[in-house]
Amino acid sequence: MLEILYQDECLIAINKPCGLLVHRTSIAEENEKFALQMLRDQIGRKLYPVHRIDRPTSGVLLFAFSSDCAKKLNEQLTNGELHKQYSALVRGWIHQEVICERQVKNDRGNLQDASTRFIPVKQFELPLATDRYPTARFSIIDAYPLTGRWHQIRQHLAQLRHYIINDRVHGDGKQNRIFTEKMEISEMFLHARSIRIYHPETNHKLFIEAPFPSHWQIITNSRFIVQIGYL
């Protein structure tokens, strides 16, 4: 059962788990399940996707119950009226706000303009050796995509060399192995934490927030870390 965060007669929001595709794509296996199919079967209603989040990313995912509602929400995305906040665990320490405006590649390899705002939340250190360093440093950050490009947050953080932990495409294998081998965590640390929209029918502001998945809680409770103080 998918976790429903919000539902009314116009739209529904779920907390998508890591590893679940939003809908069928060319990379999907024949018998694979998708959030669209699973939610449709769960609530027994036709759904219209409003946006997508990457397969390994968890968090808020919106669907509409009508094409008109989906169209209005998509217009908010296009106009920058729909605001999304992500949380990420990344390599290294980030001490101040960064706005990255570098180009990123789309899924066909073409460059596109993109802009993302990153705000540091917490820095911490693990007593685990990486390369020539006796410890490993990490930051928890908030990310606000100001444009909507393919793998935008992941590509921008890779360009800044603050790789998202357990990102298999744009990440750092050495950092990933700390978590997969030492801490037995394989999920990617990128979470679509919240979304703020104007309701398509009432025009009232609507804020939807998704709880963090369990692998984030493992980090806060780990014997390696005293306290992060955020989750």
Side-chain angles (χ1 to χ4, degrees), residues 2-17 20-28 34-88 97 99-119 142-157 190-211:
L2 294 170
E3 179 184 3
I4 296 175
L5 303 171
Y6 177 87
Q7 181 178 358
D8 59 26
E9 287 304 309
C10 182
L11 59 92
I12 185 169
I14 65 167
N15 189 4
K16 187 188 84 67
L20 182 65
L21 285 165
V22 175
H23 50 68
R24 184 178 295 278
T25 70
S26 59
I27 66 171
F34 315 95
L36 176 63
Q37 173 197 44
M38 292 175 64
L39 186 58
R40 181 194 64 204
D41 295 343
Q42 181 173 321
I43 65 175
R45 294 185 63 178
K46 186 174 181 178
L47 297 169
Y48 297 81
V50 173
H51 65 115
R52 293 183 295 175
I53 54 178
D54 300 338
R55 182 178 191 165
T57 304
S58 59
V60 181
L61 181 62
L62 280 179
F63 295 93
F65 289 126
S66 69
S67 58
D68 182 60
C69 180
K71 179 182 177 182
K72 291 177 180 178
L73 288 169
N74 274 302
E75 288 174 352
Q76 290 187 41
L77 271 171
T78 303
N79 298 333
E81 297 174 333
L82 190 154
H83 300 280
K84 294 186 285 185
Q85 176 190 2
Y86 289 76
S87 294
E97 179 179 331
I99 296 180
C100 185
E101 296 184 323
R102 302 182 186 181
Q103 290 186 319
V104 297
K105 292 182 179 179
N106 63 16
D107 55 356
R108 295 179 296 279
N110 300 319
L111 288 172
Q112 295 180 308
D113 293 334
S115 180
T116 313
R117 179 186 179 203
F118 299 109
I119 298 178
D142 287 338
Y144 300 87
L146 307 179
T147 53
R149 306 303 188 191
W150 182 77
H151 290 193
Q152 175 178 314
I153 294 173
R154 298 164 65 182
Q155 290 192 68
H156 271 168
L157 286 167
L190 181 62
H191 181 62
R193 189 178 177 201
S194 67
I195 196 165
R196 189 171 74 250
I197 62 173
Y198 291 95
H199 195 281
E201 291 186 347
T202 66
N203 205 39
H204 291 159
K205 288 183 179 179
L206 181 61
F207 178 80
I208 303 171
E209 188 170 19

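Every value quoted in this text rests on a predicted model; they were computed, and no experiment measured them. Hydrogens, waters and symmetry mates play no part in the numbers below; they use all other heavy atoms, side chains included.
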Practice task
For residues 58-68, pull every pair meeting salt bridge (charged side-chain N to carboxylate O under 4.0 Å, His left out), keeping only residues two or more places apart or in separate chains.
Solution key: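 Pairs touching residues 58-68 that pass the test: D68-K72.
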
Problem - Pairwise salt bridge (charged side-chain N to carboxylate O under 4.0 Å, His left out) hits with a residue in residues 40-51, at least two apart - result: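 Sorted result for residues 40-51: E9-R45.
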
If you look at every heavy atom in [X] and [Y], which pair is closest and at what distance?
X	Y	result
A70	V50	CA-CG2, 4.5 Å
R52	L61	CA-CD1, 4.4 Å
R196	F207	CB-CD1, 4.3 Å
T57	A192	CG2-N, 4.2 Å
I53	V60	CD1-O, 3.9 Å
N74	P49	ND2-O, 4.4 Å

Got a sec, which residues hit side-chain contact (heavy atoms from CB on, under 4.5 Å) with [X], two or more places apart in sequence or on another chain?
X	answer
T78	none
H199	Y6, D8, C10, L11, E201, T202, L206
R102	C100, H156, Q159, L160
Y144	Q85, R117, I119, D142

Quick one: are [X] and [Y] in side-chain contact, heavy atoms under 4.5 Å?
X	Y	result
I4	I43	yes
Y198	L73	no
V104	T147	no
Y48	C69	no
I12	F65	yes
P56	R154	yes
E75	E81	no

For the [atom1] atom of [X] and the [atom2] atom of [Y], what is their distance to the nearest 0.5 Å?
X	Y	atom1	atom2	value
H51	L77	NE2	CG	7.0 Å
L39	Q7	CG	CD	8.0 Å
T116	I153	OG1	CD1	6.0 Å
L82	L62	CG	CG	6.5 Å

Handout entry: Short side-chain donor-acceptor distance under 3.5 Å, H191 and S58
Key =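 The criterion, which ignores hydrogens and geometry beyond distance, is satisfied for H191 and S58.
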
Hey, does the side chain of [X] reach the backbone of [Y] with a donor-acceptor pair shorter than 3.5 angstrom?
X	Y	answer
N15	P211	yes
Q155	W150	yes
K16	L20	yes
Q152	S115	yes
H83	I195	no

Practice task
Please assess L111 against K105 for the test side-chain contact (heavy atoms from CB on, under 4.5 Å), listing each intermediate value before the final yes or no.
Solution key: CA-CA 4 Å; L111 288 172; K105 292 182 179 179; 3.8 Å; yes

Practice task
Kindly indicate, with the supporting measurements, whether the criterion side-chain contact (heavy atoms from CB on, under 4.5 Å) is fulfilled by Q112 and Q103.
Solution key: CA-CA 5 Å; Q112 295 180 308; Q103 290 186 319; over 6 Å; no

Practice task
Before giving the answer on side-chain contact (heavy atoms from CB on, under 4.5 Å), spell out for D54 and H151 the whole-Å C-alpha distance, their side-chain angles and the decisive distance to 0.1 Å.
Solution key: CA-CA 7 Å; D54 300 338; H151 290 193; 3.3 Å; yes

